[in-house]
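Quick note on labels: first sequence line is chain A, next is B, and so on, each numbered from 1.
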Amino acid sequence: MPNVLETLKERGFVENTTHDQELQDYLNKDVVTCYIGFDPTASSLHIGSLVPIMSLAHIQRHGHRPIALVGGGTGMVGDPSGKTEARQLLTPEIIEANANGIKKQLSQFIQFKDDRAILLNNADWLNDLRYIPFLRDIGRHFSVNRMIKAESYKMRLDSEEGLNFIEFNYMLLQAYDFLNLFDTQDCHLQMGGSDQWGNIVAGIELIRRVHHKTAFGITFPLITTSSGEKMGKTAKGAIWLDPTRTTPYEYYQFWVNTDDKDVEKFLALFTFLPMEEIRKIGELQAAELNYAKSVLAYETTRLAHGDKQATEALRAAASVFGAKKRIQGILSSSTFPDDASSELSVDAVPSTMIESNKLNEGIPAFKLFTQVGLAKSGGAARRLIEQGGAYLNDVRVEQFDKIISLDDFISSEIILRAGKKRYHKISAK
RNA sequence: GGUGGGGUUCCCGAGUGGUCAAAGGGAACAGACUGUAAAUCUGUCGGCGACGCCUUCGGAGGUUCAAAUCCUCCCCCCACCA
């Protein structure tokens, strides 16, 4: 099996490393330990965290031992790295709850059984730190002159808002985390986003000063879509890993809608399909490339939500957008189901139940579209309909106040559509 | 604590008494073209069963026939000084 570092590099995970050659050697050992920190700022991770998650999964697949470190302690301080404004401080209760949610999601991607991976919370050692001893033991190793030059603080030091003292301490705490994991878990490698470079290096230096030993760091590139936007941030909000926030169907849809130019990159980063197959994507055109997008969507959904959910999402998408047949020779390692077209199902399409007596009376179209969330307000729904973007069972709705009633139902459901892509199923109860 | 500058609709940003639901850009949404892609063009873009009505310009009052615009007090941000 190739070195993990090679795998990570060829799949596009590596922006920068410290001590490249020594790191290579270090990773050639049988089992090494590596950690990444996750901020508990929300109860769910979103796809912006997928790069770190996948990299830990690769580490584990290569027989090493990943540590996911939930920042229950550092979350109390707030990392200023790369942020233009200070973050709202969260309460300990919220952080605790968020940490739990995050662990659950990480378990989808990383096997925590039998100590093959470890989940830790830095609140366990940070919350009870005593100020004076910390300053004397850790603080003395840090030069403020150097810290203020760090890229992670620069943006804030230059900004109008400035840098709060509490945030200024963040680097010391993260460095201390690394030292602590070095001591207790024999962890010599930390990975993180490119904005974490300063914090990671601070940890490496701290370890060197305290123990005169070498530790390593890898940073990931900031993944942007070809239109330059940060992964995971869409105008509608983040794409969450939590199925109650972003359903598997929506998750699948997000990936299917990947820009042509991003498909190859995303397959390398967000699936485990072999690179030999992925590299061929660049040559594909229209229909074939669209198939590759379906595979990307299926594989990513499978990783986040499991086979069953992924298949359901696929079938639902196939039923409204048309089925994709497996194409021989393209991404053939994928378990993309052959029979996707044979069992179409709209079950996974977003749906709403409405009382039958309400439907008996009939509901004006623009009200219904608003009610189920296909339009934000009555005005938006009217506009949608007036502009010809509203469909009832695939027939354009011509009048904003067209009455929709049980008569419109086909085998006890109707399908509403807003624009080309947003479907919503309604059934009577 | 002092002095000066500022807070406008999702974001940036114009507007200094009526012509302001508020220019312009971005984002977003819809239509056309397509491949559930991109680019492009067109339209929309506070709420409301809607050629009208209602609510917005940091907050609370006030002046006026009329206030985002003027006055008073308060809150918040920034710069310089202390």
Side-chain angles (χ1 to χ4, degrees), chain A residues 84-86 88 156-164 224-230 232-239 249-267 281-298 300-301 313-325 327 330 340-341 344 346 348-350 361-371 373-392 394 396-404 415-424:
Chain A
T84 48
E85 40 193 76
Q88 190 98 41
R156 291 292 293 286
L157 284 167
D158 292 344
S159 81
E160 289 193 336
E161 181 170 351
L163 182 70
N164 194 290
T224 52
T225 61
S226 66
S227 52
E229 278 168 66
K230 229 171 154 177
K233 297 274 166 79
T234 67
K236 288 174 213 135
I239 305 294
Y249 172 80
E250 289 163 337
Y251 193 80
Y252 180 96
Q253 283 301 312
F254 170 81
W255 292 102
V256 151
N257 284 305
T258 297
D259 189 298
D260 282 10
K261 296 183 218 108
D262 293 327
V263 179
E264 189 176 344
K265 177 166 78 177
F266 286 1
L267 281 163
I281 295 304
E283 300 151 22
L284 301 182
Q285 297 292 322
E288 290 182 330
L289 189 54
N290 266 2
Y291 170 69
K293 287 183 192 179
S294 303
V295 175
L296 170 67
Y298 172 74
T300 48
T301 308
L314 174 92
R315 285 186 179 141
S319 72
V320 289
F321 294 108
K324 294 272 187 313
K325 279 221 176 89
I327 300 180
I330 296 177
S341 51
L344 297 181
V346 289
V349 172
E361 296 164 21
I363 303 173
F366 77 107
K367 295 253 187 211
L368 190 59
F369 273 82
T370 313
Q371 191 186 332
L374 286 173
K376 280 208 180 82
S377 66
R382 286 171 69 131
R383 248 176 272 131
L384 179 75
I385 294 167
E386 276 155 16
Q387 292 180 132
Y391 294 81
L392 167 63
D394 269 327
R396 187 174 268 181
V397 179
E398 300 290 349
Q399 274 217 306
F400 82 89
D401 57 354
K402 174 190 163 61
I403 299 298
I404 296 175
I415 303 279
L416 299 182
R417 188 176 114 211
K420 288 184 190 104
K421 299 182 191 173
R422 285 150 54 226
Y423 285 86
H424 199 100

Between the side-chain atoms of A:Gln387 and the base atoms of B:G43, is any donor-acceptor pair under 3.5 Å? yes
Base-pairing mate for B:A79 - Watson-Crick or G-U, with both contacts under 3.5 Å: B:U3
Shortest non-hydrogen separation from A:Gly378 to A:Thr370 and the atoms involved: CA-OG1, 3.7 Å
Listed by chain and number, what are the salt bridge (Lys or Arg N to Asp or Glu O under 4.0 Å) partners of A:Lys265, not counting sequence neighbours? A:Asp262
By side chain to side chain donor-acceptor pair (under 3.5 Å), which residues pair with A:Lys421, not counting sequence neighbours? A:Asn257
Could you go through residues 290-297 of chain A and list every donor-acceptor pair under 3.5 Å that involves a side-chain atom there, pairing it with any protein atom two or more places apart or in another chain?
| unit_1 | atom_1 | unit_2 | atom_2 | d |
| --- | --- | --- | --- | --- |
| A:Lys293 | NZ | A:Thr258 | O | 3.0 |
| A:Lys293 | NZ | A:Asp260 | OD1 | 2.7 |
| A:Ser294 | OG | A:Asn290 | O | 3.2 |

Contact state string [nucleotides 32-39 of chain B, B base, S sugar-phosphate only, - no protein heavy atom under 4.0 Å]: SBBBBBS-
Can you tell me how far C1' in B:C45 sits from the matching atom in B:G26, rounded to whole Å? 13 Å
Sugar-phosphate, base or nothing in reach of A:Lys367, heavy atoms under 4.0 Å: base
Distance, rounded to the nearest Å, where A:Ile385 contributes CD1 and B:U44 contributes C1': 14 Å
Nucleotide opposite B:A68 in a Watson-Crick or G-U pair, distances under 3.5 Å: none
Heavy-atom closest pair, residues A:Ala375 and A:Ala380: CB-C, 4.1 Å
Would you mind reporting whether A:Leu392 and A:Lys402 have side-chain heavy atoms less than 4.5 Å apart? yes
For A:Phe400, enumerate each residue passing the side-chain contact (heavy atoms from CB on, under 4.5 Å) test, keeping only those at least two apart in sequence or located in another chain. A:Phe366, A:Arg382, A:Ile385, A:Glu386
Separation between the P atoms of B:C11 and B:G46, rounded to whole Å: 14 Å
Residue matched to B:C10 through Watson-Crick or wobble contacts both under 3.5 angstrom: B:G26
Using the C1' atom on both, measure B:C57 against B:C12 and round to a whole Å. 16 Å
Applying side chain to side chain donor-acceptor pair (under 3.5 Å) to A:Arg383 and not counting sequence neighbours gives none
Taking only the P atom of each, what is the distance from B:G5 to B:C71 in whole angstrom? 13 Å
Could you list, one pair per line, each protein nitrogen or oxygen that sits under 3.5 Å from a nitrogen or oxygen of nucleotides 50-56 of chain B, together with the distance?
| unit_1 | atom_1 | unit_2 | atom_2 | d |
| --- | --- | --- | --- | --- |
| B:A50 | N7 | A:Arg382 | NH1 | 3.4 |

In whole angstrom, give me the gap between the P atoms of B:C54 and B:G58. 22 Å
Measure the distance from CD on A:Glu386 to C1' on B:U44 and round it to the nearest whole Å. 10 Å
Residues in side chain to side chain donor-acceptor pair (under 3.5 Å) contact with A:Gln371, at least two apart in sequence or another chain: none
Spacing of the C1' atoms in B:C33 and B:A50 (rounded, Å): 33 Å
Interatomic distance at C1', B:G25 relative to B:U34, whole Å: 28 Å
B:C78 to B:A27 separation - C1' atoms, rounded to the nearest Å: 27 Å
Residue matched to B:G17 through Watson-Crick or wobble contacts both under 3.5 angstrom: none
Side-chain N or O of A:Arg383 versus OP1/OP2 of B:C48: is the shortest distance under 4.0 Å? no
Those residues at least two apart in sequence (or on a different chain) that pass ring pair (Phe, Tyr, Trp, His ring centres under 6.0 Å) with A:Tyr252 are none
